[in-house]
Amino acid sequence: MKIVSLSHYPISTPLHGGQRRIAAIGREARAAGHEFHNIPVFVAASYPEASPDEQRTALPADFIERLGGMGLREDLHLSRVLGQDHPLVGQVVERLQEIGPDIIQFDQPWLYPLFREALRTLPRLAAAKLVYSSQNIEADLIAPDYRDEALEIEQMLAREADTVIAVSASDAAEFNKWRRRGTSRTIVAPNGCWAPELSSEPAPVIPGDYVLVAGSAHPPNAQGYWDCIGPVPGFLPPGSKIVVAGGMNNLLGSDPRFGRFPLTNGEFVVNVGVVNEEVLTALLYHAKVICLPITDGGGTNLKTAEALMWLKPVVAMRMAMRGFDDAKTLSGVFVADSPAQFRSLLREAMIGKLISQRTASDVERYGWPAQLAPLMRYYKSLT
Amino acid sequence: MGILRVEHEVVRSFTEAFGEDVALGLYDPETDAYYRMSCEEFSQIALRNAWQPTLPSRATTATTRWRSWLRIGQMLYSARKRSRAVPGAGHKTHRLREEILAEELLRISLEEYAMMRVGLGKLAIFWPRLLNRLNQFDHLNHYAHFGLMTTLDQQLCSEAKRIDPASIRHYVSVGGFWSDNRYRYSYEQRAASGWSVHYLIYDLIPILWAHIAEPTTRKTFPLALHWALWSMDQCWTISETTKTDLITYSNAHGYPPLDPDWVQPIYLGSEVPQSDLTPEQERAVVLRHGLEPGAFVLMVGTQEPRKNHDFVYRLWRELNLRHPGQVMTLVWVGQPGWAIAPLLEMVQSDNGLPNGAIRILPDISDVELNALYRSCRYSIYASHYEGWGLPVVESLNHGKPCLTSDAPSLVEAGAGASEAIGLFEGEKWLARCFELMVDDAAYQAALERAAQFKGYDWDGFRNRLVVDFKRYLENKALASDVRPEDAA
């Protein structure tokens, strides 16, 4: 099968969850013998690590300024601002026709209006299966002012797609409500992660004991931090730390709450920011505890899968275990129903009272191959 | 009074109960160690600010003039030889050489020094560079003669006085633990030397009211408290309010749970001091400040945003607008503190405030303060938040009605004898303040209420503190089958 993914970001250097998921789908699809292409339409300045090939379909940096000047969003309003006649759209359509895909899939709905007409009318494209390979119910995550507009686009894609892929059963149930009777049921392919592949022990990035929290610059990630960890990390015994990785650093640092306890946070909170795979691997390897302070946000979390796969004690809010319900009873997984309980569990884990005896075989099912198997079966069913 | 007075009472309670088993320790952040201090040294330095250096012994003048010159020559020779034997350069070397020279100068008497000085002064006519050396001699001679060669810190924190942490079993922290690294030291020694750690916590103002707390403390206190909460075996607070705040804060942020049974409020003492002044002299104190006995309202406390002088100023302004010519003078007693300058300037330049409506007295002695308490009509304490409420207690001790805000510790300290009004009940404040000025029946009732105040004494504080500490020892002994007396 020839599969083309149209995404809102490049995936050659996957850093955030969305990039990792598409990259994993591509890797699994290729491993299954399919041809997989990802064509990203994105603003160049937002992803400086994009490859030269990916940059061919990047929009210039001033595009964001134009959007901002009009009070519009980079994701939701991209189609409206670019318009179907934009040269980039033509460029992408041309590329699609060159490839002649069997499947065209969108990981988010925002680009669909740009290509909808072409996909319905151009012969080489109209025959392709349309797939909405969702990562969340996007309309639920967007700011309330934009919800109706987002919902309209997302429901349009969900209804018109030949198949919808969801990351959780609850998301799938919602998509099924939108789809017409008689169309195929949504396929659930949760997020996962790659099992650790280490030839040697990586050098520690942070000395001493620490609890690791990772998250992208997605506002709910920062909200989860404030709800569950809070401005004072009282659960950390002196000498230990909490290490914050990922784009959520920027959201935390710019929040006035971060400056209210400067010496305490300076001593106990380490913001490493966005890190590459090698550094993240080292952080995960040496972490004493991994925590998932997720209280909102939808979808399922790559971070949950990673936390499970690394066999460390995991302290998670119940929301973080969505899509990983059967993992709650695994050794070393501690689920909290309140922020106070979350902090209490973190404290107990950091002083060594809560441990993990999880094994690799216990968590194999959370790896990408197992989690994406339903999607691979779908691809195979079309051959 | 303040933290130092409390420290003094705690020292007294433990030394009375445990005698020589108690080591009074002075923490030196430079060496990260504690040094033994005597109670007398503590009293001199902390309470009386009256430390006197130890005067060294000095040689007496020789019996004959030629013996004096011989001694001077020997001193100069020895000083030069010893000084040159010190290798290197730099500040430390210079300091060592000065100490040698100072030591040598004490081998001649002051009279002999004067002889030498005159002689060398004559030589300086031919050798001008000698003048610098003579100036140095004069400087060192003065310091050596008056025992000023070593600083107070150097005298107190000498190696001989250093406390071996292994010799300590229980650590009691009663002062300002957040201003240096002692909280880390005690945490580490708890693990390394098996200390039990006991804290007296006054309040959580730098955390709960950080927005109107002094900037340095609101940075240092939370970090210090973090370490303290992770090492606390027993805690005393100065009020139920502080106990509640501490436990709530600890629980809210995931700290190791505090057993409420081991967090005990111990109320501070406050006795009415005996006055050395006669009634006429007391009256004179009041008159000297341009006040009329019985015709002013007192507000005592450091002037800072948390004490809410702003509120009381606006209260008094409005009172004067509503009842011109009938409002008693409001007297603010206390030093200007952090971030108060804009308010004080506002008060001084307010054309709408009658002249003398608010008098500010920053430099009042304890004797004068007692006279003011005895002579005031009543007192006001409208603080946003406190750990205790000493001015409330002091006012009631003097039998004077006290109007307070409804900050929980002020209500607690007043024990029903003071009157609390919420800070959002402006009209109630206005009505009550004026009523107590003009309505004799209302005032009499307020006096009767104030008279019900039983007070708090330092004997009680000391006793309760030691009893609770002993309770800890007994509990620990039961837990480990060791006799309490062996555990101390």
Side-chain angles (χ1 to χ4, degrees), chain A residues 208-211 213 224-242 255-270 288-289 291-293 295 313 315-317 334 336-354, chain B residues 29 32 173 176-192 195 197 199 201 204-233 235 245-259:
Chain A
D209 290 344
Y210 60 88
V211 54
V213 59
Y225 180 97
W226 293 119
D227 288 342
C228 302
I229 290 163
V232 178
F235 50 83
L236 289 174
S240 70
K241 297 187 192 305
I242 181 165
D255 192 301
R257 284 172 286 190
F258 205 73
R260 286 187 189 153
F261 298 94
L263 293 187
T264 312
N265 280 318
E267 182 159 324
F268 289 98
V269 182
V270 179
K288 181 159 186 166
V289 178
C291 77
L292 302 167
T295 53
V315 175
M317 290 298 290
F334 307 100
D337 288 303
S338 70
Q341 188 185 11
F342 184 87
R343 290 188 281 273
S344 183
L345 288 170
L346 267 180
R347 181 186 67 247
E348 299 291 285
M350 287 303 290
I351 60 175
K353 280 191 176 176
L354 300 178
Chain B
D32 192 30
S173 167
F177 62 93
W178 54 88
S179 51
D180 50 41
N181 280 334
R182 66 189 69 188
Y183 53 84
R184 295 175 196 266
Y185 182 81
S186 61
Y187 175 90
E188 285 155 7
Q189 291 307 327
R190 187 169 178 266
W195 286 8
V197 175
Y199 273 92
I201 302 288
L204 272 70
I205 289 168
I207 292 172
L208 301 180
W209 288 83
H211 53 298
I212 47 174
E214 188 272 323
T216 304
T217 310
R218 70 171 175 240
K219 286 181 191 163
T220 56
F221 183 85
L223 177 59
L225 186 63
H226 186 107
W227 285 72
L229 284 170
W230 271 94
S231 61
M232 223 178 259
D233 293 295
C235 179
D245 288 344
L246 185 68
I247 291 175
T248 303
Y249 174 77
S250 171
N251 288 343
H253 296 288
Y255 285 101
L258 286 170
D259 183 344

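Labels below follow one simple rule: chain letters A, B, ... track the order of the sequence lines, proteins then strands, and each chain is numbered from 1.
Neither the backbone nor the side chain of B/Ser250 comes within less than 4.5 Å of any heavy atom in chain A. Only the backbone of B/Ala252 comes within contact range of chain A, with heavy atoms under 4.5 Å apart. Only the side chain of A/Ile351 comes within contact range of chain B, with heavy atoms under 4.5 Å apart. Looking at B/Pro256, both its backbone and its side chain come within 4.5 Å of chain A, counting heavy atoms on both sides. Heavy atoms of B/Tyr249 lying under 4.5 Å from chain A belong exclusively to its side chain.
When the heavy atoms of residues 259-270 of chain A are compared with those of chain B, the residues falling under 4.5 Å are A/Phe261, A/Pro262, A/Leu263, A/Thr264, A/Glu267, A/Phe268, listed by number. Of residues 232-240 of chain A, those residues with a non-hydrogen atom less than 4.5 Å from any non-hydrogen atom of chain B are, in numerical order, A/Val232, A/Pro233, A/Gly234, A/Phe235, A/Leu236, A/Pro237, A/Pro238.
Under a cut-off of 6.0 angstrom, the local environment of NZ in B/Lys219 is sparse, with at most 12 non-hydrogen atoms contributed by other residues, nucleotides or ligands.
For the set B/Glu188, B/His211, B/Arg184, the entry with the most heavy-atom pairs within less than 4.5 Å of chain A is B/Arg184.
For the pair A/Arg347 and B/Pro257, the tightest heavy-atom approach, listed with the atom from each and the gap, is NH2-CD, 3.6 Å.
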